[in-house]
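In what follows, a single structure is set out as structure tokens and then discussed.
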Amino acid sequence: MSLPNRAHLPLVPPPLKPWRRPLRAAWLSLAAERVGLRLWPLPGLLMLGLALAWSGALPHLPPWAHGLALAAFAAAVVALLVRRLRGLRLPDRDAVFRRLERDNNLRHRPFDLLIDTPVDQAGPAATLWAAAQDRARRALAGVRAGWPTLDLPSRDPWALRHVAALLLAIAAIMAWGDWRPRLIEALDPGFEAPPAGAEADLDVWITPPESTGLPPQFLTRRGKAPQGDGAVDSRGDIKGAISVPAGATVTARLGPHHRAPTLSLDEDAVALDAAATGGFQTSRTVTKGQRITVADRGRTLGSWPIRIVADDPPAIAFREKPSATERYALRLDYTAADDYGIASVTATVTPTTRAEGTTVEPLVLTLPVPPRPSREASAAGTPVVANATGYFDLTASPWAGQPVTIQLAATDTAGQTATSDTQTTTLPERVFNNPTAKAVIAQRRALLDQGEEARKPAASALLSLAGELDGYAGDPTVFMALYAAARHLGLNDDGRSLTDVADLLWDTALKIEDGSLASAETELRDARQRLADALDRNASEAEIRRDLDALKSALNRYMQALAEKSDQQQGQNGAPPPDDQNAQTMDMGQMMEQLEQMAQTGARDAARKMLDQMQDLMESVQTGPQKPPTEAEQQQMRQNLQMLEKLQDLAKRQRELMDQTFRQGDRGEPEDSPPQPGTRGDGPNRSTPNRQGAAPRQPQRDPSADATARDLAKQQDALRRELQALMQRQGGQAGPQSDEGQDQQGDAQQGQDQPGGQENGNGGGQGPGQAPSPLDKADRAMGQAGRALSEGSPEDAVEAQGRALEALQDGLKGMAQQMGRQMGRGTRVAPRNATNGRGQNTDPLGRQMTGQGAASTDSVKIPDHGDLQRAREILEELRRRASEAGRPKEELDYIDRLLKRF
């Protein structure tokens with residue numbers, strides 16, 4: 001009888017089923033030990049291979065060497081498995097029993113006792129056998145299988161396994177954040193790798209949304225694909241990141257290639273599509289992400305850090321409170337800002353008083369928006385500020401003369417809208433001086449306010465006014481309008497007839513009051529608006545020329561009607577037309593000539609600004625009789641004129657004192673002396689170089705020079721006291737300080753005086769955070785000049801006196817502008833003793849002079865004749881080169897882009 005093969009015995013016989021889990025766990029532990037002890041070099045080999053892959057060394061090998069290295073690694077792994085697994089025997093049941101008995105310190109082999117059977121199964125031996133089995137079962141109650149144990153030190157005495165782990169840790173640090181592409185790149189031997197210079201054929205660019213107005217931005221340069229270093233700044237953005245507007249489109253294009261690369265936004269990757277012209281190309285919209293990457297099977301062709309710039313909503317506010325112009329137009333000044341530009345601005349006008357229970361449809365006005373400036377790619381996210389003024393003739397509105405609330409709304413190029421705070425004002429109401437026109441407007445107001453109740457009385461009153469021919473000089477147009485309005489009221493009973501008659505009566509009253517001036521003004525406004533719209537939308541040259549001719553004709557008719565109106569007023573009251581009206585009319589004619597020159601040379605931005613200035617000038621023309629000032633206003637005007645004359649006299653005496661100081665400095669310094677510190681190189685006291693390089697001689701001072709300097713210092717102090725008295729009288733400060741206190745204050749704040757401060761012409765002191773006024777600057781400069789004269793330094797005194805004189809002139813100008821606003825005459829106010837009724841710093845047309853005889857063009861940059869001629873020559877040269885077909889295509893495309901603007 002042969003013994004059974006114990007290697008094929010079941011691991012869990014029926015008597016041991018309660019212990020099947022620990023038996024199976026012990027078998028797995030033994031199997032893992034035997035396999036682990038045989039294959040312990042395999043993890044080290046795999047770690048070495050992974051470290052080599054993450055190091056990035058394999059892609060730098062030739063394709064054949066790369067493939068050979070991968071094949072050698074695979075062969076080593078297979079050979080190790082075959083050699084080590086040969087002759088491997090899995091654990092049998094007896095080995096499992098012995099492992100559990102050893103792990104749980106069991107004696108007398110309880111597993112064998114439970115599966116064995118006694119020879120004599122009857123009698124006292126059976127009872128003893130059953131008791132032994134019970135004792136074995138109790139011993140196996142808490143049996144557990146232990147974990148596998150590997151005795152590696154005995155098999156690896158040199159600890160080479162730790163070297164492999166260390167190399168893997170170093171490679172993992174090198175591949176941090178880029179481990180997956182490196183691994184893929186290492187497993188690709190590159191037998192079909194991209195040819196040399198594939199990066200040079202890669203083009204990646206970002207096209208911002210059209211609403212931003214930004215040009216496309218190329219990320220690649222021929223022959224070079226920049227990589228980001230991944231460093232992060234304090235705000236969490238990657239250093240050197242490219243600003244990308246939200247919603248932009250990134251496009252990647254690769255030349256002829258053997259396979260399609262991928263375009264990734266962070267971890268989101270898409271493959272490039274085959275292009276019809278060869279190669280691959282794709283586009284994606286960028287809404288989020290921090291890096292753009294183009295890779296080819298794990299090989300990075302280009303990688304750029306980006307920063308998404310969100311499109312913020314715009315902001316808008318009133319620059320000044322709504323006001324009325326001389327032409328009874330509503331003036332709205334606003335300032336708006338957006339990160340990419342303002343598309344439209346509207347104003348919502350709502351009456352504050354309305355009948356209870358009635359709904360009033362608000363009036364929406366469209367304000368002009370200045371053209372968006374050209375933007376560079378680096379300007380993404382920087383605000384674009386728009387300042388503009390809108391004029392609206394609302395005198396025909398039923399709300400004229402009533403309080404209304406106005407709110408501005410700005411819409412940016414992306415469609416986002418923002419509103420401003422509301423402003424309350426009274427809509428301008430046209431004042432009619434002709435009795436017949438007043439009566440017509442009274443009937444119109446009755447129709448608008450009372451409705452049907454005023455229909456019959458208005459019809460009778462209009463027929464009576466039509467019969468009074470002397471009231472409108474027998475004008476047949478007025479007669480027919482009044483008669484038609486009366487008949488229309490009598491023959492119609494619908495509500496629309498009241499609105500139509502109200503419009504007709506308004507035009508009739510304007511005809512009676514202004515004659516042909518009203519229609520000429522309306523035509524001029526429409527022509528100006530059409531030309532402005534054409535310039536804003538970059539219309540064709542023919543359309544702009546047509547609109548320009550229409551504007552010129554409308555301007556001629558307007559100027560002719562304005563002249564007739566002035567002659568009529570002169571005949572009625574015997575007074576000549578105002579000088580500023582004549583000057584404004586001449587300015588408009590000159591602006592028209594410059595506008596034509598700008599249109600010919602393509603300077604459309606300057607032409608648009610010129611149109612805005614023409615409208616400002618037109619709105620300031622006074623065509624009707626002015627309201628006589630009150631007694632208090634006349635008294636205030638007289639006081640202001642006296643103060644203006646005193647300030648002008650003070651500036652004249654300061655100039656004379658500066659001339660005396662010049663001469664004093666010339667007498668106290670010989671001709672050969674070198675220039676002294678503090679002297680100006682372009683004034684009369686400019687020194688000549690020392691002849692023949694000789695050593696400078698000490699100046700020989702006149703014994704009477706010190707006495708003269710003291711006299712000049714006394715005169716300077718006297719002028720300063722007069723200025724302080726003038727400032728105190730004007731109410732700008734509580735009282736003059738001591739000379740030392742003000743001088744110290746002037747020295748402390750001398751470095752803080754900056755141009756462009758709040759120069760309002762007042763001599764008031766400066767509050768916290770407010771720039772000093774011109775008279776404050778003049779006061780400090782006079783104090784410095786007085787100290788310099790007292791110390792015997794006329795050169796330093798001249799420089800301080802020059803600053804004082806300049807500040808006095810600025811104060812004089814600011815005071816004149818303030819008086820002009822108070823008297824309703826714009827900025828064309830001058831002292832009574834000025835030449836031709838105008839200030840010394842204005843030309844015959846009333847424009848401010850710069851001091852060298854040239855007119856100031858601060859409001860609008862007007863190109864002079866030389867600039868226009870140069871621009872015309874450049875334009876002709878561009879057109880000539882564009883007609884030469886033999887030039888390179890890139891140059892012709894560039895010239896074509898330049899000419900598109902014109």
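The basis for the numbers below is simple: all heavy atoms, side chains too, and nothing from hydrogens, waters or symmetry mates. Just so you know, residue 1 is the first one in the sequence shown, and it goes up from there.
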Stepwise side chain to side chain contact (heavy atoms under 4.5 Å, CB included) check, Val798 with Phe662: CA-CA 7 Å; Val798 167; Phe662 270 133; 3.2 Å; yes
Main-chain N/O of Ala317 paired with Thr335 side-chain donor or acceptor, under 3.5 Å: no
Residue pair Arg803 / Gln784, side-chain donor-acceptor N/O under 3.5 Å: yes
Under 3.5 Å: donor-acceptor pair, side chain of Thr405, backbone of Thr350: yes
Minimum side-chain heavy-atom gap Leu650-Arg720 below 4.5 Å: no
Side chains of Gln407 and Gln423, donor plus acceptor under 3.5 Å: no
Donor-acceptor contact below 3.5 Å, side chain Asp393 vs main chain Ala329: no
Side chain to side chain contact (heavy atoms under 4.5 Å, CB included) between Thr426 and Val404, intermediate numbers included: CA-CA 6 Å; Thr426 300; Val404 295; over 6 Å; no
Check: Pro322 and Leu330 side chains under 4.5 Å, non-hydrogen atoms: yes
By side chain to side chain donor-acceptor pair (under 3.5 Å) - contacts of Thr424 (at least two apart): none
Heavy-atom check, side chain of Leu719 versus side chain of Leu657, under 4.5 Å: yes
Side chain to side chain donor-acceptor pair (under 3.5 Å) partners for Glu429, two or more places apart: none
Pairwise distance CD(Gln716) to CD(Gln660) - rounded to 0.5 angstrom: 10.5 Å
Salt-bridge contact Glu722-Lys646 (side-chain N to carboxylate O under 4.0 Å): no
Between CZ on residue Phe392 and CG on residue Leu367, distance to nearest 0.5 Å: 4.0 Å
With Ala388 via side chain to side chain contact (heavy atoms under 4.5 Å, CB included) - residues at least two apart: Tyr334, Pro370
Exercise: identify the closest heavy-atom pair between Ala778 and Ala807: N-CB, 3.6 Å
Pairing residues for Ser420 by the side chain to side chain donor-acceptor pair (under 3.5 Å) criterion, not counting sequence neighbours: none
CG-OG1 distance between Leu365 and Thr346, expressed to the nearest 0.5 angstrom: 8.5 Å
Lys/Arg N to Asp/Glu carboxylate O, Asp776 vs Arg780, below 4.0 Å: no
Leu427 CG to Thr395 OG1 distance, which is reported to the nearest 0.5 Å: 10.0 Å
From CA spacing to verdict: side chain to side chain contact (heavy atoms under 4.5 Å, CB included), Thr348, Thr422: CA-CA 9 Å; Thr348 303; Thr422 58; over 6 Å; no
Salt bridge (charged side-chain N to carboxylate O under 4.0 Å, His left out) evaluation trace for Arg655 with Asp659: CA-CA 6 Å; Arg655 181 183 294 275; Asp659 294 339; over 6 Å; no
Nearest heavy atoms of Ile316 and Ala418, plus distance in Å: CG2-O, 3.8 Å
Closest heavy-atom pair and its distance - Asn387, Ala336: OD1-N, 4.5 Å
Residues in side chain to side chain donor-acceptor pair (under 3.5 Å) contact with Asp333, at least two apart in sequence or another chain: Arg331, Thr389
Heavy-atom pair with the smallest gap, counting every atom of Pro314 and Ile342: CB-CD1, 3.8 Å
Minimum heavy-atom distance between Ala347 and Leu408, given as atom pair plus value: CB-CD2, 3.6 Å
Salt bridge present between Glu521 and Arg525 (N-O < 4.0 angstrom): yes
Spacing of Glu656 atom CD and Leu805 atom CG [to the nearest 0.5 Å]: 11.0 Å
Working for side chain to side chain donor-acceptor pair (under 3.5 Å), residues Thr661 and Gln801: CA-CA 9 Å; Thr661 309; Gln801 288 173 342; 3.1 Å; yes
Closest non-hydrogen atom pair between Met610 and Gln594, with its separation: CE-OE1, 3.3 Å
Any residue meeting ring-ring contact (aromatic ring centres under 6.0 Å, His included) with Phe432, in chain and number order, not counting sequence neighbours: Trp506
Minimum side-chain heavy-atom gap Leu394-Tyr328 below 4.5 Å: no
Gap between atom NZ of Lys714 and atom CG of Leu789 - 0.5 Å precision: 12.5 Å
Side chain to side chain contact (heavy atoms under 4.5 Å, CB included) evaluation trace for Leu647 with Leu775: CA-CA 10 Å; Leu647 186 59; Leu775 297 187; 4.0 Å; yes
